[in-house]
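Following: one structure in structure tokens, then a few remarks.
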Amino acid sequence: MPVIREKYDVCVVGAGHAGCEAALACARLGFSTILFTISMESIAMMPCNPNIGGSSKGHLVREVDALGGEMGINIDHTFIQSKMLNKSKGPAVHSLRAQADKIEYTNRMRQVLQSTENLTLRQAEISELIVEDHEIRGVRATSGAEYASQAVVLCTGTYLRARCLYGDVVNYTGPNGMQAANHLTDSLVANGVEMLRFKTGTPARIDGRFVDYSKMQEQFGDERVVPFSFTTDPETVQIEQASCWLTYTNEETHEIIRQNLDRSPLFSGAIEGTGPRYCPSIEDKVVKFSDKDRHQVFLEPEGNHTNEMYIGGMSSSLPEDVQYAMYRSVPGLENARIVRNAYAIEYDCIDPRQLYPSLEFKAIAGLFSGGQFNGSSGYEEAAAQGLIAGINAARRIQKKEPLILDRSEAYIGVLIDDLVTKENREPYRMMTSRAEYRLLLRQDNADLRLTPKGYEVGLIPQERYDHVLEKERLIAEEVERVKTIHLGATAPVQSLLEHYESAPLSSGISLTELIRRPELDYDKLAPLDPERPKLPVEVREQVNINIKYEGYIERQMKQVRQFKRQENKKLPRDFDYTQISGLRLEARQKLNQYQPISIGQASRISGVTPADISVLLVFLEQMKGKEELR
């Protein structure tokens, strides 16, 4: 039987949020790219929560956008409600979250993919990697067709040997009843890839016509919507928004769950995979937080053209009859009608410690991976990894150094460093607390931090790059100008301070010092600054933050400079650390396993002590001395 053989620069396996970003990056950088999907209907699908962003995740979306990715633009076109979270707190934890029209989100992303030059979409299941001499040569489909390529990016999500469970029911499918990918795992194992088995889950979807909203608290979007993408005109996203709804479980709900725990595959042992600690099922919540008499439940619409409502906070794998009982015990859901049952899903993924920070496999050159296949969770984490994996697949073909973002540069850097450096025994979820330099890594300045890198890579056009440089210049000039403005204890000044309940002046003060008062800001003090230039909102926001938090920002920048010194001390690749006699045995084993790229990364490996780092620093100095002698 003749074998179909095609040739591309890059093969991307899986068209979820990671695969879409990886394929778009490669194609936009000029490389012929083929994107494989189990089903065209699964492209950029949202099998779980119908939203993009959220605490820390909104940072990732903004960073993906600043580097030239698509997720932020896509949600700006397809959202039905938008909110800036944590507005009562400092700017470091402000984070956008938007409810999506799930069908529209998928449809628009599919349209973007199909209209992108150099990009081919193909519905097929990939069953084998083609590897020669530890280097990727392409992939093979279940049909036998072969696709040769210089790089492959695996973004298989939750599809590998997937099975969905609730009660005694086991369906050997991927999410939303999609076909599972049952063959690729064997090929990965045959090529020496270490696999893990993880689990996640989703709540039921119910028919919104049978919900009593009068018993719930209505949740509105922001009056003024802030777009995700720095390229989106803010006026185009000021739309009429859909409402979400808040209710709570109660003791009756919890008792129903407790009485049926033995019927949950989570507790019966039927589920083998490890679930996410930070996104527990309702069964887990009731057991682990037994002191709580209620848990929040959010009803979120799945789109403008469906009655389906997502029951956020009540993920479950309990049997169907128990699902009906527990959902109907919640105020407002007494007459709930389930459209889709809640279920848990198990799937194969990798131990991401097998990857370099570039997301390339250490053991197979040219093979990259991103998303839930790497042991993470969440659409946003997936998109971020997919973009970096795609960029680095392209850069490998270009024979350029990979794009590696460190922990001081981006939440993406924190995410990837955590994955490839730390032992993850559960699906990894991004949180603001994981970022040591979060005051510098705010969602509002992602464009200033990362657009130059996106431009250098080739995904950001000149006009957008120039706009960011101009924004940077305006911010710096205005911060310096404000420092020169001094105000006296005049009647207009005292009147304005009284209006904002701020302490009156007893002597002169700089405008900078007034802006730093908690109850005041740059815009509130505009009447006292007649020479103030007319600046865009995005510039004024940065001026205000830079002035208000100058001391804290400078302190973190000092910490970053120390951090960078460690990150810039590069270690050799594929090095045998047993040659360094001063290292402890555990350190040698861990360093050989991880093959860290820098002293900084080595210092974050569990089992590598400060004494081991000192030995490594001496070793580097000795190597440097030998090179200089040559």
Side-chain angles (χ1 to χ4, degrees), residues 53-67 84-87 89-96 230 278 357-359 376 378 380-381 384-385 387-388 403-422 424 428-454 456 468 471-472 475-476 479 516 538 541-570 596-606 610 613:
S55 183
S56 78
K57 293 168 177 279
H59 291 66
L60 291 173
V61 182
R62 277 287 184 88
E63 291 179 351
V64 165
D65 180 73
L67 288 167
M84 184 70 77
L85 304 182
N86 304 321
K87 283 194 290 189
K89 300 177 183 178
V93 293
H94 292 179
S95 212
L96 267 175
F230 292 98
Y278 301 104
S358 62
L359 298 181
S376 64
E380 303 81 6
E381 289 92 335
Q385 293 171 65
L387 178 63
I388 298 299
L403 172 67
I404 295 175
L405 302 174
D406 68 41
R407 302 181 73 89
S408 71
E409 294 174 315
Y411 268 68
I412 296 175
V414 175
L415 162 68
I416 293 174
D417 186 65
D418 279 352
L419 285 172
V420 304
T421 305
K422 298 178 180 177
N424 293 300
Y428 178 95
R429 180 180 179 179
M430 192 69 240
M431 294 182 289
T432 52
S433 60
R434 297 190 191 273
E436 304 92 320
Y437 311 112
R438 54 186 171 275
L439 183 55
L440 302 180
L441 307 183
R442 306 183 309 275
Q443 56 88 31
D444 58 76
N445 69 0
D447 59 335
L448 297 169
R449 290 186 281 115
L450 296 178
T451 301
K453 292 183 181 293
E456 181 189 345
V468 168
K471 178 179 174 181
E472 204 169 40
I475 294 165
V479 168
R516 285 183 183 142
E538 57 179 9
E541 178 185 37
Q542 294 303 310
V543 170
N544 185 61
I545 291 171
N546 285 349
I547 291 173
K548 266 192 177 299
Y549 298 94
E550 183 182 22
Y552 299 102
I553 289 171
E554 181 50 45
R555 190 180 308 161
Q556 285 216 335
M557 288 178 71
K558 184 179 179 182
Q559 293 168 351
V560 166
R561 287 191 287 271
Q562 294 169 343
F563 166 81
K564 288 281 193 185
R565 282 197 285 272
Q566 297 281 72
E567 297 302 300
N568 291 335
K569 290 184 169 69
K570 299 300 180 184
I597 63 169
S598 68
I599 289 290
Q601 190 189 358
S603 70
R604 294 187 292 276
I605 297 172
S606 174
I613 296 300

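This chain uses plain numbering: 1 for the first residue, then up along the sequence.
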Pi-cation contact, F230 with R62 (under 6.0 Å, within 45°): yes
Side chains of I553 and E550 in contact at under 4.5 Å (non-hydrogen atoms): no
Closest approach of S55 to T432 (non-hydrogen atoms, all atoms of both residues): OG-CG2, 4.2 Å
Trace of the salt bridge (Lys or Arg N to Asp or Glu O under 4.0 Å) decision for E538 with K471: CA-CA 8 Å; E538 57 179 9; K471 178 179 174 181; 3.7 Å; yes
Heavy-atom side-chain contact between L415 and Q385 under 4.5 Å: yes
E381/K57 ion pair, N-O < 4.0 Å: yes
Euclidean distance, M84 CE relative to L96 CG, rounded to 0.5 Å: 3.5 Å
H59 and S95: CA distance, side-chain angles, deciding distance, side chain to side chain contact (heavy atoms under 4.5 Å, CB included) verdict: CA-CA 6 Å; H59 291 66; S95 212; 3.3 Å; yes
Over all atoms of both residues, closest heavy-atom pair of N546 and V479: CB-CG2, 4.2 Å
Close side-chain approach of Q443 and L60, heavy atoms under 4.5 Å: no
Atom of L441, atom of S408 and distance for their closest heavy-atom approach: CD2-O, 3.3 Å
From CD1 (I547) to CD1 (I475), nearest 0.5 Å: 11.0 Å
Verdict with supporting geometry, R438 and Y411, side chain to side chain contact (heavy atoms under 4.5 Å, CB included): CA-CA 8 Å; R438 54 186 171 275; Y411 268 68; 3.6 Å; yes
Within 45° cone and under 6.0 Å: R555 NZ/CZ vs Y549 ring: no
Electrostatic pair K564-D406, nearest N-O below 4.0 angstrom: yes
R429 backbone acceptor or donor facing R434 side chain under 3.5 Å: yes
Derivation and outcome, salt bridge (Lys or Arg N to Asp or Glu O under 4.0 Å), residues E554 and R561: CA-CA 11 Å; E554 181 50 45; R561 287 191 287 271; 3.0 Å; yes
Heavy-atom pair of closest approach, residues V61 and E380: CG2-CG, 3.5 Å
Q601 and T421: side chain donor to acceptor below 3.5 Å: yes
Distance-minimising heavy-atom pair for D447 and T451: O-OG1, 2.8 Å
Separation of I412 CD1 from K453 NZ (nearest 0.5 Å): 11.5 Å
Student check: side-chain heavy atoms of L403 and S358 closer than 4.5 Å: no
D417/K422 under salt bridge (Lys or Arg N to Asp or Glu O under 4.0 Å): CA gap, chis, key distance, verdict: CA-CA 8 Å; D417 186 65; K422 298 178 180 177; over 6 Å; no
Residue pair Q566 / S603, side-chain donor-acceptor N/O under 3.5 Å: no
Where L439 and A92 come nearest, the two heavy atoms and their spacing: CA-CB, 3.9 Å
Test log, rule salt bridge (Lys or Arg N to Asp or Glu O under 4.0 Å), inputs E567 and R604: CA-CA 11 Å; E567 297 302 300; R604 294 187 292 276; 2.9 Å; yes
Beyond-backbone contact of L405 with L67, side-chain heavy atoms, under 4.5 angstrom: yes
Sub-4.5 Å side-chain heavy-atom contact between E409 and R449: no
Atom pair NZ (K569) and CD1 (I597), whose distance is rounded to the nearest 0.5 Å: 14.5 Å
